[in-house]
Amino acid sequence: MTIVRTVADLRAQVRAWKAAGERAALIPTMGALHEGHLSLIALGQSRVQRTVASVFVNPRQFAPHEDFDSYPRGEARDADLLAGAGCDLMFAPGVEEMYAPGFSTTVDLTGVSEPLEGAARPQFFGGVATVVTKLLMQSQPDIAIFGEKDYQQLQVIKRVVRDLDIPVEIVGAPTARAADGLALSSRNAYLSPQERAAAVALPNAMKTAARAVAAGGRIDEAEATAKAAILAAGFRQVDYVDVREAGDLSRLGPGPIGQADGRILVAAWLGRTRLIDNMAV
């Protein structure tokens with residue numbers, strides 16, 4: 001596997017592949033890789049001939065009080081995992097390569113970015129939309145793959161690509177989970193053994209709520225029951241448990257879901273760790 005650190009080197013390699021008639025997939029990551037990330041590489045390999053993984057902890061999507069400084073990092077380990085998975089190229093830029101001195105442009109959007117994570121972390125999606133737009137323009141892939149675990153982020157990126165006419169197919173990949181159902185996440189490394197044991201209450205409560213809504217139950221009752229179950233398991237705060245329309249994330253309920261295509265999305269704090277998850281209804 002080749003490692004490059006500049007946009008010029010990244011573009012040169014992708015340009016060479018395309019000249020040879022090969023298609024490329026981009027898998028953007030912030031490093032601290034796990035099996036969920038590697039499943040995105042495998043999906044890319046099933047779709048195209050070449051895969052690029054970016055590894056960049058993006059400072060612009062973290063608020064000053066958030067965990068940018070403590071976010072798990074380990075480039076050598078990440079490179080070994082990517083090489084073992086058969087990834088062709090790792091793009092590992094520094095902050096100044098991504099944001100040159102004087103950088104002053106932000107990609108911002110309304111609508112799908114505003115509720116849920118947008119309300120809890122107001123700076124988040126501006127930072128995400130900006131860095132993903134840059135990565136797509138830098139690498140010019142045929143497809144880009146994102147996990148459904150960050151479902152709202154996936155919808156935001158689809159909207160940006162559509163609105164800005166960026167010529168790339170955005171592919172959502174199913175959430176990778178541990179054997180007990182907890183969604184894989186780099187931030188799971190923050191959990192103590194006791195917290196890790198308790199964390200499974202979040203996907204369990206979400207699954208119970210999704211089944212209740214799918215069976216015709218009231219959305220507000222299912223949400224309240226799920227929130228109570230999560231808090232009873234030892235979580236200190238629930239930011240949201242919402243059933244939303246799957247495409248534009250508009251609010252559903254308070255009664256039965258009817259014929260809508262729904263998604264339940266959850267965010268909650270267990271100790272110092274914020275866990276998010278979602279599931280189709």
Side-chain angles (χ1 to χ4, degrees), residues 1-58 61 72-93 97-98 128-162 164-178 183-186 188 278 280:
M1 184 187 68
T2 303
I3 300 175
V4 297
R5 302 188 185 277
T6 69
V7 174
D9 288 344
L10 170 65
R11 285 180 171 164
Q13 180 60 81
V14 175
R15 192 181 303 118
W17 291 336
K18 291 190 174 186
E22 296 177 317
R23 302 175 74 236
L26 172 69
I27 298 90
T29 84
M30 292 207 304
L33 302 183
H34 51 67
E35 288 299 323
H37 296 108
L38 301 184
S39 73
L40 305 184
I41 301 293
L43 178 57
Q45 291 166 336
S46 75
R47 294 284 307 271
V48 298
Q49 291 81 23
R50 297 290 186 174
T51 52
V52 178
S54 61
V55 175
F56 178 66
V57 183
N58 177 33
Q61 67 193 62
R73 291 169 171 84
E75 183 182 297
R77 175 183 174 276
D78 290 339
D80 286 344
L81 288 172
L82 290 172
C87 184
D88 295 290
L89 183 69
M90 174 175 160
F91 177 46
E97 182 69 15
M98 292 299 290
V128 168
T130 301
V131 76
V132 171
T133 299
K134 286 178 64 66
L135 288 167
L136 293 174
M137 301 302 288
Q138 290 164 348
S139 60
Q140 301 178 5
D142 297 281
I143 67 174
I145 303 174
F146 298 83
E148 289 186 349
K149 187 248 176 188
D150 297 294
Y151 186 81
Q152 187 178 11
Q153 172 178 278
L154 174 62
Q155 301 310 112
V156 164
I157 291 164
K158 286 181 176 179
R159 180 65 57 85
V160 169
V161 165
R162 187 193 72 181
L164 299 183
D165 299 313
I166 301 175
V168 63
E169 177 189 356
I170 301 300
V171 177
T175 300
R177 297 184 180 276
L184 299 186
S185 170
S186 300
N188 289 354
N278 69 90

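This is a predicted model, so every value here is computed, not measured.
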Indicate yes or no: at least one non-hydrogen side-chain atom of [X] is less than 4.5 angstrom from one of [Y].
X	Y	answer
F56	L135	no
L136	V161	yes
I3	R5	yes
D9	F91	no
V4	Q13	no

For [Y], does its backbone N or O pair with a side-chain atom of [X] as donor and acceptor, under 3.5 Å?
X	Y	result
Q49	R23	yes
E75	V55	no
D78	M30	no
T51	G44	no
N278	E148	yes
Q153	V128	no
R11	Q138	yes
K18	Q140	yes
K134	M98	yes

How far apart are the closest heavy atoms of [X] and [Y], and which atoms are they?
X	Y	result
V48	A24	CG2-C, 3.8 Å
A176	S39	CB-OG, 4.5 Å
A32	S186	O-OG, 2.8 Å
A53	C87	N-SG, 3.8 Å
A178	L184	N-CD2, 3.7 Å
A183	T175	CB-CG2, 3.8 Å

Rounded distance [0.5 Å steps], [atom1] in [X] versus [atom2] in [Y]:
X	Y	atom1	atom2	result
S185	H37	OG	NE2	8.0 Å
L33	L38	CG	CG	6.5 Å
L82	D88	CG	CG	10.5 Å
I143	L43	CD1	CG	6.5 Å
M1	L81	CE	CG	9.5 Å
I27	I41	CD1	CD1	4.0 Å

For this session: For atom CD of E35, decide whether the heavy atoms of other residues, nucleotides or ligands shown that lie under 6.0 angstrom number more than 12.
Result: no
For this session: Using the side-chain contact (heavy atoms from CB on, under 4.5 Å) rule, take V160 and T133 through it: C-alpha gap first, then chi angles, then the decisive distance, then the call.
Result: CA-CA 8 Å; V160 169; T133 299; 3.5 Å; yes
